[in-house]
There are 2 protein chains.
Amino acid sequence: MISELSFTEENYLKAIFHLSSEGTETVNTNSLAESMSTTPASVNDMVKRLAQKKLIGYQKYKGATLLPKGKKVALTIIRKHRLWEVFLVEKLEFKWDEVHEIAEQLEHIKSPTLIKKLDKFLGFPTMDPHGDPIPDEDGVMKASIRASISDVNINSRGIVVAVNNDDTLLLQHLDSIGIKLGSRIHVIDRMEFDGSVSVTIDDGKKQFISKPVAENLMITITDTK
Amino acid sequence: MISELSFTEENYLKAIFHLSSEGTETVNTNSLAESMSTTPASVNDMVKRLAQKKLIGYQKYKGATLLPKGKKVALTIIRKHRLWEVFLVEKLEFKWDEVHEIAEQLEHIKSPTLIKKLDKFLGFPTMDPHGDPIPDEDGVMKASIRASISDVNINSRGIVVAVNNDDTLLLQHLDSIGIKLGSRIHVIDRMEFDGSVSVTIDDGKKQFISKPVAENLMITITDTK
DNA sequence: ATTTATTTTTAGATTAATCTAACTATTAAT
DNA sequence: ATTAATAGTTAGATTAATCTAAAAATAAAT
Ligand SMILES: [Mn+2]
Ligand SMILES: [Mn+2]
Ligand SMILES: [Mn+2]
Ligand SMILES: [Mn+2]
């Protein structure tokens with residue numbers, strides 16, 4: 001039925017998904033060309049093919065939107081991408097920032113059984129190493145909850161996904177206390193008086209973080225209590 | 001330097017390797033077409049490309065031979081294919097006979113680091129689930145030693161790779177004592193008197209095998225003492 | 001409401017990989 | 001040594017994916 005898509009077609013669908021805030025909005029030709037590192041002319045050709053296959057909706061001069069079939073494909077690719085990223089980090093000991101390019105290749109391997117078994121092997125993870133949620137088999141993906149550790153509930157756990165400030169001194173400070181993108185944070189307590197937060201980093205020893213630092217430290221929440 | 005080969009080019013090199021008894025002999029157009037499920041005309045086109053890239057030697061009407069560069073590529077692909085097969089069987093619990101098609105896809109993933117880490121994760125295996133040897137990083141591959149369990153030394157270990165007789169009764173008998181392709185066999189002893197052999201199957205309990213059965217049971221040897 | 005700028009679409013080419021049909025070389029048979 | 005059969009090559013087309021350059025539509029600015 002779903003005649004077997006090319007890598008390129010799959011990549012276009014994924015790009016449309018990401019550019020349209022999860023497939024809700026319409027995407028225009030130029031931004032898609034930008035995102036795919038290609039020309040608007042090429043995008044125009046491809047958009048017509050995908051429309052013919054009923055994967056996207058498209059009208060001249062009005063942009064493209066994912067149709068249900070196309071959205072399902074996009075979410076399957078994203079699921080595979082993120083599961084492979086978990087595999088690369090958890091099992092093969094790659095670093096957080098080394099896995100994306102390899103996952104870009106692995107996401108196109110075609111075998112539903114493979115993904116089922118990989119999912120099981122990894123213990124059915126719900127989040128990739130960058131804190132992004134993994135869609136389930138039916139293509140359902142929970143929105144990830146992203147917040148500063150100044151705002152989350154006491155006892156929340158999460159993964160560092162961003163630092164909202166690229167001041168070198170801040171980054172150096174975080175580095176010195178062992179916090180980097182991908183670190184697991186457990187928020188133990190927060191002082192009313194000065195807004196400082198105490199956390200554990202990668203389940204290690206307790207660490208105090210001052211309010212100005214805490215406000216800039218963004219995590220995606222894996223667990224709240 | 002090695003400008004990045006397409007999946008198709010990689011598959012042609014691999015096919016030439018297999019058809020030329022490990023890259024030693026020359027391969028003719030028709031058998032290559034047969035093996036690639038394509039036409040002689042297509043093969044002819046491709047053979048010219050590969051010759052131009054100095055991966056194979058080719059003269060009109062005289063067939064193709066792997067050049068050192070092409071042989072290296074072929075062995076790298078085979079290495080990746082077999083390592084992925086080990087992964088699928090050992091880690092994801094696929095069956096022996098379910099992994100080839102998936103490995104055909106995975107073998108084209110481009111990342112030397114990935115293969116290094118996968119190799120380590122798997123404990124540096126020397127043989128794939130079908131008893132075929134895995135080339136090392138430099139493309140060196142030991143010939144696999146294949147023999148009937150009537151012929152191997154006492155205390156040899158190996159993997160069942162073939163049954164030299166497709167008599168239903170024999171196959172049913174093997175099935176009933178738990179021997180299938182891929183089973184690990186440890187040859188414990190052999191009786192001079194009747195040529196019967198005692199073995200363990202997958203490191204389980206001891207099992208006697210009569211001479212007529214033993215003669216037909218082929219293993220590739222992983223260990224001899 | 002024109003003009004200008006931006007975005008989008010078309011037209012025409014190119015490259016990899018494939019095909020069919022026709023032609024040529026080599027090998028085997030008589 | 002011819003002839004017949006097989007194997008290998010070329011010519012010409014096709015399809016996916018891309019490109020550049022030109023034209024058309026839409027949006028923004030005056
Ligand atoms: Mn990624
Ligand atoms: Mn990710
Ligand atoms: Mn295989
Ligand atoms: Mn194998």
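Labels below follow one simple rule: chain letters A, B, ... track the order of the sequence lines, proteins then strands, and each chain is numbered from 1. Quick note: numbers below take in every heavy atom, side chains included, and nothing from hydrogens, waters or symmetry partners.
- In this structure, OH of Y61(B) is placed 9 Å from C1' of dA7(D), rounded to the nearest angstrom.
- Within a 6.0 Å sphere centred on NZ of K95(B), heavy atoms belonging to other residues, nucleotides or ligands number 12 at most.
- A salt bridge is defined here as a Lys NZ or Arg NE, NH1 or NH2 lying under 4.0 Å from an Asp or Glu carboxylate O, and E9(A) with K53(A) meets this definition.
- Look at CG on N44(B): it is 18 Å from P on dA21(C), rounded to the nearest Å.
- Distance N28(B) CG to dA7(D) C1': 8 Å, rounded to the nearest Å.
- Of the candidates dA11(C), dA16(C), dA17(D), the closest approach to any side-chain atom of R49(B) belongs to dA16(C).
- Separating the CG atom of L13(A) from the P atom of dA17(D) is a distance of 12 Å, rounded to the nearest angstrom.
- Within 4.0 Å of K48(B), counting heavy atoms only, lie sugar-phosphate atoms of the nucleic acid but no base atom.
- Note: CE (M46(B)) to C1' (dT15(C)) measures 12 Å, nearest angstrom.
- Checking side-chain atoms of D223(B) against main-chain N and O of S156(B) turns up no donor-acceptor pair under 3.5 Å.
- Taking 4.0 angstrom as the limit, T8(B) places none of its side-chain polar atoms (N or O) nearer than this to OP1 or OP2 of dA16(C).
- When heavy atoms are screened at a 4.0 angstrom cut-off, T39(A) is found touching base atoms of the nucleic acid.
- At whole-Å resolution of the value, CG in N30(A) and C1' in dT26(D) are 13 Å apart.
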**Q.** CA sep, side-chain torsions, deciding dist, call: E107(B), K14(B), salt bridge (Lys or Arg N to Asp or Glu O under 4.0 Å)
**A.** CA-CA 11 Å; E107(B) 71 188 8; K14(B) 192 174 52 135; 2.9 Å; yes
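- At the heavy-atom level, S42(A) lies under 4.0 Å from base atoms of the strands shown.
- Remark: P of dA16(D) and CG of L5(A) are 13 Å apart, rounded to the nearest angstrom.
- Closest-nucleotide positions on DNA chain D for Y58(B) and Y12(A) were compared, and the one nearer the 5' end corresponds to Y58(B).
- Atom CZ in F7(B) sits roughly 12 Å away from atom P in dA17(C) (whole-Å rounding).
- When the side-chain nitrogen and oxygen atoms of T38(A) are compared with OP1 and OP2 of dA17(D), none of them lie within a distance under 4.0 Å.
- Both tests hold for K91(B) against F121(B): distance to the six-membered ring centre under 6.0 Å, angle to the ring axis within 45°.
- Distances shown here put every side-chain N or O of K60(A) at or beyond 4.0 Å from the OP1 or OP2 atom of dT26(D).
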